[in-house]
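Below is one structure, written out as structure tokens; the observations come after it.
These numbers come from the heavy atoms of this one structure, side chains and all, not from hydrogens, waters or symmetry mates. Chain letters run A, B, ... following the sequence lines, proteins first and then strands; every chain starts at 1.
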2 protein chains.
Amino acid sequence: MDGHDTCGHHGHGPAAHGPARTAELVARAERLAQDLGLQFTALRRRTLEVVAEEGRPLGAYDIAERLSAPGKRVAAVSVYRALDFLTEHGLVHRIASRNAFVPCEHGHGAGESAVFLICRSCGSVDETISAEIERSLDRTLAQAGFKPASRIVEIEGECGTCQGRQEAG
Amino acid sequence: MDGHDTCGHHGHGPAAHGPARTAELVARAERLAQDLGLQFTALRRRTLEVVAEEGRPLGAYDIAERLSAPGKRVAAVSVYRALDFLTEHGLVHRIASRNAFVPCEHGHGAGESAVFLICRSCGSVDETISAEIERSLDRTLAQAGFKPASRIVEIEGECGTCQGRQEAG
DNA sequence: GCCTTGCCTGTTACAGTGTAACGATCGGCG
DNA sequence: CGCCGATCGTTACACTGTAACAGGCAAGGC
Ligand SMILES: [Zn+2]
Ligand SMILES: [Zn+2]
Ligand SMILES: [Zn+2]
Ligand SMILES: [Zn+2]
């Protein structure tokens, strides 16, 4: 019953989606690993937490920097491998137009594809699911005789919060 | 009356869209430059021709290589600038998921956004326009209070030609 | 216990993508 | 001529992503 709630703040600050969302995602990852016999390792967990706690798309090198400590440096290549795992299982999504990653906000199956609304002003990314868009796409693909495997739908523009801000300012 | 004709071959070979399509695109560019008082320079023209004559998405560095002659090397940065011009005016499109560029096949206005069907087997890219998808997207965006500026819709999968090929082979 | 196997991670090196900055060139205009 | 704007050449650099190889570690068979 949440739909596309957008959380009301849109990431105007580092607080992001909060620890609640993060814990939810981690729990989902643990269930998933349990069920499929996969390893939800410490690196994968920390990578997921970093992505989930940031309120905007993060590059792999940014993630590596956040995971690194003065004595313990995490190389970007390790982050890429963790991100491969997380994206394959739908825990994070890659934003192709930004070369960056965001946490999944919906727990959708592999069949449902998401629409990403990317704000040019504040950099927030909102993930929504629309059955109507799915149907339109499926119809067009069937008509063209094209068998889809993965879908990328990314809209750049201005989110509701930033529109109000500009009008008021 | 062409719609999404797909040309029947889907780029299975270097012949691409043929010189006819290329000339058509160049003519469109010249009209556009004439009307808006822009400069359709030699570099921009040659870049457009290279992209149009290839039957698959080309990277900027590939384009630079094709434009270079033994004594005259074209740097990638120049190609990027030419591509900026061409994409801004809808003559070529950038495929975000491939970091590559394809010629526009439709002459659509800035308002109409395209759907790109990218075949994983043969690498061809088919550009289609669907008013139905546009409407679905607009409705979803309006509902979310999001003001769109540009849209990216890229579907990866298998084109009709390659499906038939695999069944038959 | 010990060895093998598979998976994950660390490390290095490298290829590919994209941009910033500066200077030269060219054409239009007073 | 001198100025100005746009384009282009050149260099240098930052960012993104992958290949290849070595070490660690847990599980399972002997
Ligand atoms: Zn998701
Ligand atoms: Zn915003
Ligand atoms: Zn087009
Ligand atoms: Zn194909």
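Taking atom CZ on B:F85 and atom P on D:dC8, their separation rounds to 9 Å, with Å as the unit. Put simply, CG on B:D84 is 10 Å from P on C:dA20, counting in whole angstrom units. D:dT7 atom P lies 13 Å from atom CZ of B:F40, rounded to whole Å. The CG-C1' distance, from A:L67 to C:dG10, rounds to 14 Å in whole Å. The distance from atom CG of B:L58 to atom C1' of C:dT17 is 15 Å, rounded to the nearest whole Å. Residue B:I63 contributes atom CD1, which lies 14 Å from atom P of D:dC8 at whole-angstrom precision. Counting to the nearest Å, the P atom of D:dA14 and the CD atom of A:E65 are 14 Å from each other. In this structure, A:E88 places its CD atom 10 Å from P of C:dC8, rounding to the nearest Å.
Taking the charged nitrogens against the carboxylate oxygens, B:E24 and B:R28 have no contact shorter than 4.0 Å, which rules out a salt bridge. With respect to B:E154 and B:R98, no salt bridge is recorded, no charged nitrogen being found less than 4.0 Å from a carboxylate O.
Between A:A100 and B:T41, the residue whose closest nucleotide on DNA chain D is further toward the 5' end is B:T41. Residue-to-nucleotide proximity on DNA chain C shows that, of A:Y61 and A:V77, the 5′-proximal contact is made by A:V77.
Considering only side-chain atoms of A:Y80, the nucleotide from D:dC8, D:dT18, D:dT7 that sits closest is D:dT18. When the nucleotides C:dT11, D:dT10, D:dG17 are ranked by their closest atom to the side chain of A:F101, D:dG17 comes out on top. Minimum atom distance to the side chain of A:N99 is reached by D:dG17, of the listed C:dT11, C:dG18, D:dG17. Checking D:dG9, D:dT10, C:dT9 against every side-chain atom of B:L43, the shortest atom distance belongs to D:dG9. Taking every side-chain heavy atom of A:Q39 into account, C:dC8 is the closest of C:dC8, D:dC8, D:dA6.
In terms of polar N and O atoms assigned as donor or acceptor, the side chain of B:R81 never comes within less than 3.5 Å of the base of C:dG18 in a complementary pairing.
Residue contacts shown for A:R44 are limited to sugar-phosphate atoms, with no base heavy atom under 4.0 Å away. As judged by a 4.0 angstrom heavy-atom cut-off over every strand, B:V74 is placed among residues making no nucleic acid contact. Contact annotation for B:R98: no contact, since no heavy-atom pair falls under 4.0 Å across all strands.
Residue B:S78 places at least one side-chain N or O under 4.0 Å from the OP1 or OP2 atom of D:dG9. An OP1 or OP2 oxygen of D:dC8 is reached within less than 4.0 angstrom by no side-chain nitrogen or oxygen of B:R46. The phosphate of D:dG17 has OP1 or OP2 within less than 4.0 Å of a side-chain N or O from A:R94.
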Could you provide the dot-bracket string of DNA chain D, using ( ) for intrastrand pairs, [ ] for crossing pairs and | for bases paired to another strand, with Watson-Crick or G-U pairs below 3.5 Å?
||||||||||||||||||||||||||||||
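No side-chain donor-acceptor contact under 3.5 Å links A:H106 and A:E112.
With rounding to the nearest 0.5 angstrom, the CD1 atom of A:I155 is 7.5 Å from the CZ atom of B:F146. Separation of atoms SG (B:C119) and CZ (B:R56) is listed at 13.5 Å; rounding is to 0.5 Å.
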Tell me, with the steps shown, if A:E132 and B:R135 meet salt bridge (charged side-chain N to carboxylate O under 4.0 Å, His left out).
CA-CA 10 Å; A:E132 185 185 354; B:R135 274 195 305 273; over 6 Å; no
Begin from the C-alpha positions of A:L137 and B:V153 and carry the test side-chain contact (heavy atoms from CB on, under 4.5 Å) through to its verdict.
CA-CA 10 Å; A:L137 267 176; B:V153 182; 4.3 Å; yes
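A chain of hydrophobic side-chain contacts below 4.5 Å, direct or via other Ile, Leu, Val, Met, Phe, Trp or Tyr residues, connects B:L48 to B:L32.
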